[in-house]
Protein chains: 2
Amino acid sequence: MVTGSMDTEIIIAIVAIVFFIVGVYLHKKSLHTDPFPKTGVNLEKTKSLEISPREYEVLKEVALGLSNKEIADKLFVSESTIKTHVSNLLVKLNAKRRTHAIQIAQELKII
Amino acid sequence: MVTGSMDTEIIIAIVAIVFFIVGVYLHKKSLHTDPFPKTGVNLEKTKSLEISPREYEVLKEVALGLSNKEIADKLFVSESTIKTHVSNLLVKLNAKRRTHAIQIAQELKII
DNA sequence: AAATTGCTCATACTAAAGTACCAAAATGGG
DNA sequence: CCCATTTTGGTACTTTAGTATGAGCAATTT
């Protein structure tokens, strides 16, 4: 070393270690600032797509793999109603069929 | 400070900054050690489910929202062939229909 | 009050999806 | 070469999905 006694070198080493740890710690903490996009963003986008609350509800069931009849029973409405909702969803999501709608919805992160 | 000249303090400060940066950098890098589940894990599970390579290929297309006819054209085979593959996939994935198969496949993280 | 919007449901079809069953090539090891 | 598996394909149906159209009802909004 150019300058510095034994004591000085020890102090520098300690400072190095401490700031290294601080660096790791702060970076780790900085990564915990975005786990909020859980709920909230979804409904925002559905609005811009003009998807109604009921349609959105149906969309989620479709994505779970349920048939129109199964969704109808689950939501206590007729199958006709579900067909209407799904049909409207396809138009609004610009999808050719329900599987396509699922893919698009996932890409838009609305489900 | 107990001991140390002006020069010493500057050195300590520099060391602190350098190791702080090193700390941040190494921690950041340490988070890039698992991006391997890209490919590899998938094929493992498909084996356990006895899903053939071709069936797996069809599964991915189904998940993209394509129709049987579209998949057939894309893979240069007949629609009958795709129907056979999809039917086999439903049995192997224990799904009632293609949308259900998508959901199950995603849950198993094989797509 | 009148118009709008969302949810509901029906009828009548057309179009995909899915099942069942069978069978011929193609492929990859042993 | 033979065998097992995969991939391919067809026919014949049954079942879901999806479209088109019209309409009644309740809650808002204007």
Side-chain angles (χ1 to χ4, degrees), chain A residues 42-108 110-111, chain B residues 39-40 42-108 110-111:
Chain A
N42 304 24
L43 302 187
E44 302 296 318
K45 289 189 180 178
T46 59
K47 284 179 190 169
S48 69
L49 291 170
E50 297 183 79
I51 293 175
S52 74
R54 197 55 160 173
E55 284 166 353
Y56 182 64
E57 211 169 350
V58 171
L59 175 60
K60 288 188 292 186
E61 300 298 340
V62 168
L64 288 179
L66 302 191
S67 70
N68 289 334
K69 188 69 184 64
E70 289 172 338
I71 299 174
D73 292 342
K74 194 167 179 179
L75 302 184
F76 304 105
V77 293
S78 79
E79 188 182 350
S80 296
T81 301
I82 301 302
K83 281 190 177 185
T84 301
H85 288 320
V86 172
S87 222
N88 290 332
L89 279 167
L90 297 186
V91 173
K92 293 176 181 177
L93 285 173
N94 219 282
K96 292 181 183 174
R97 57 197 73 83
R98 55 169 60 207
T99 52
H100 193 194
I102 294 175
Q103 201 275 326
I104 293 173
Q106 291 180 337
E107 200 142 287
L108 294 176
I110 60 178
I111 55 176
Chain B
T39 315
N42 304 25
L43 302 188
E44 302 296 318
K45 289 189 179 178
T46 59
K47 284 179 190 169
S48 69
L49 291 170
E50 297 184 79
I51 293 176
S52 75
R54 197 55 161 175
E55 284 166 353
Y56 182 65
E57 210 169 351
V58 171
L59 175 61
K60 288 188 293 185
E61 300 298 339
V62 168
L64 288 179
L66 302 191
S67 69
N68 289 334
K69 187 70 184 61
E70 290 172 337
I71 299 174
D73 292 343
K74 195 169 180 178
L75 301 185
F76 304 105
V77 294
S78 79
E79 188 182 351
S80 296
T81 302
I82 301 302
K83 282 191 176 185
T84 301
H85 288 319
V86 172
S87 222
N88 290 332
L89 279 167
L90 296 186
V91 173
K92 293 177 180 178
L93 286 173
N94 220 284
K96 291 180 182 175
R97 57 197 73 81
R98 56 170 57 208
T99 52
H100 192 195
I102 293 174
Q103 201 276 326
I104 293 174
Q106 291 179 337
E107 198 143 290
L108 294 176
I110 60 178
I111 56 176

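Because only heavy atoms are used, hydrogens play no part in the values below, and waters and symmetry mates are left out as well, while side chains stay in. Letters A, B, ... mirror the listed sequences (proteins, then strands); counts begin at 1.
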Open item on the list: Nearest 0.5 angstrom please: A:R97 CZ to A:I102 CD1, how far?
Closed with: 12.0 Å

TODO: Using whole Å, report how far CD1 of B:I51 lies from C1' of D:dT5.
DONE: 16 Å

Task: Closest-nucleotide 5' rank along DNA chain D - winner of B:V77 and B:T99 - done: B:V77

Open item on the list: If the cut-off is 4.0 Å, is B:S52 near the phosphate of D:dT7, judged by side-chain N/O to OP1 or OP2?
Closed with: yes

TODO: Report yes if at least one side-chain N or O of B:H85 is closer than 4.0 Å to OP1 or OP2 of D:dT8; otherwise report no.
DONE: yes

Open item on the list: By nearest heavy atom, map A:K92 and A:E79 onto DNA chain C; which one lands nearer the 5' end?
Closed with: A:K92

Open item on the list: So, OP1 or OP2 of D:dA17: does either fall under 4.0 Å of a side-chain N or O from A:N68?
Closed with: yes

Open item on the list: I want to check one thing: is the phosphate of D:dG10, taken as OP1 and OP2, less than 4.0 Å away from some side-chain N or O of B:S78?
Closed with: yes

TODO: Calculate the interatomic distance between A:R97 atom CZ and C:dG18 atom C1'; express it in whole Å.
DONE: 15 Å

TODO: Could you check if a side-chain atom of A:Q103 sits within less than 4.5 angstrom of a side-chain atom of B:L66, using non-hydrogen atoms only?
DONE: no

Open item on the list: I want to verify a distance call: between C:dC9, D:dT19, C:dA16, whose nearest atom is closest to the B:S67 side chain?
Closed with: C:dA16

TODO: Check the distance between D:dT16's C1' and B:K96's NZ and give it to me in whole angstrom.
DONE: 14 Å

Task: Distance in angstrom units between A:N88 CG and C:dT8 P, rounded - done: 12 Å

Open item on the list: Looking at B:S87, I'd like to know whether one of its side-chain N or O atoms comes within less than 4.0 Å of OP1 or OP2 on C:dT19.
Closed with: yes

Task: N or O in side chain of B:S80 less than 4.0 angstrom from D:dG10 OP1/OP2 - done: yes

TODO: Measure the spacing between CZ of B:R98 and CZ of A:R98 and express it to the nearest 0.5 Å.
DONE: 11.5 Å

TODO: Answer yes or no: does a side-chain N or O of B:R54 lie under 4.0 Å from OP1 or OP2 of D:dT8?
DONE: yes

TODO: Assess the side chains of A:S78 and A:T81: does a donor N or O sit below 3.5 Å from an acceptor N or O?
DONE: yes

Open item on the list: Measure CG/B:L93 against C1'/C:dA17 and give the value in whole Å, please.
Closed with: 16 Å

Task: Identified side chain to side chain contact (heavy atoms under 4.5 Å, CB included) counterpart of B:V62 within the set B:T99, B:V86, B:I111 - done: B:V86

Open item on the list: Please tell me if B:R98 has a side-chain N or O lying less than 4.0 Å from either OP1 or OP2 of D:dA17.
Closed with: no

- [ ] Verify the contact: side-chain N or O of B:T81 to OP1 or OP2 of D:dT8, cut-off strictly under 4.0 Å; return yes or no.
- [x] no

Open item on the list: Can you measure B:I71 atom CD1 to C:dG18 atom C1' for me and round it to whole angstrom units?
Closed with: 13 Å

TODO: Can you tell me the distance, in whole Å, between the NZ atom of A:K83 and the P atom of D:dT15?
DONE: 14 Å

Open item on the list: Expressed as a whole number of angstroms, how long is the span from A:H100:NE2 to C:dA16:P?
Closed with: 15 Å

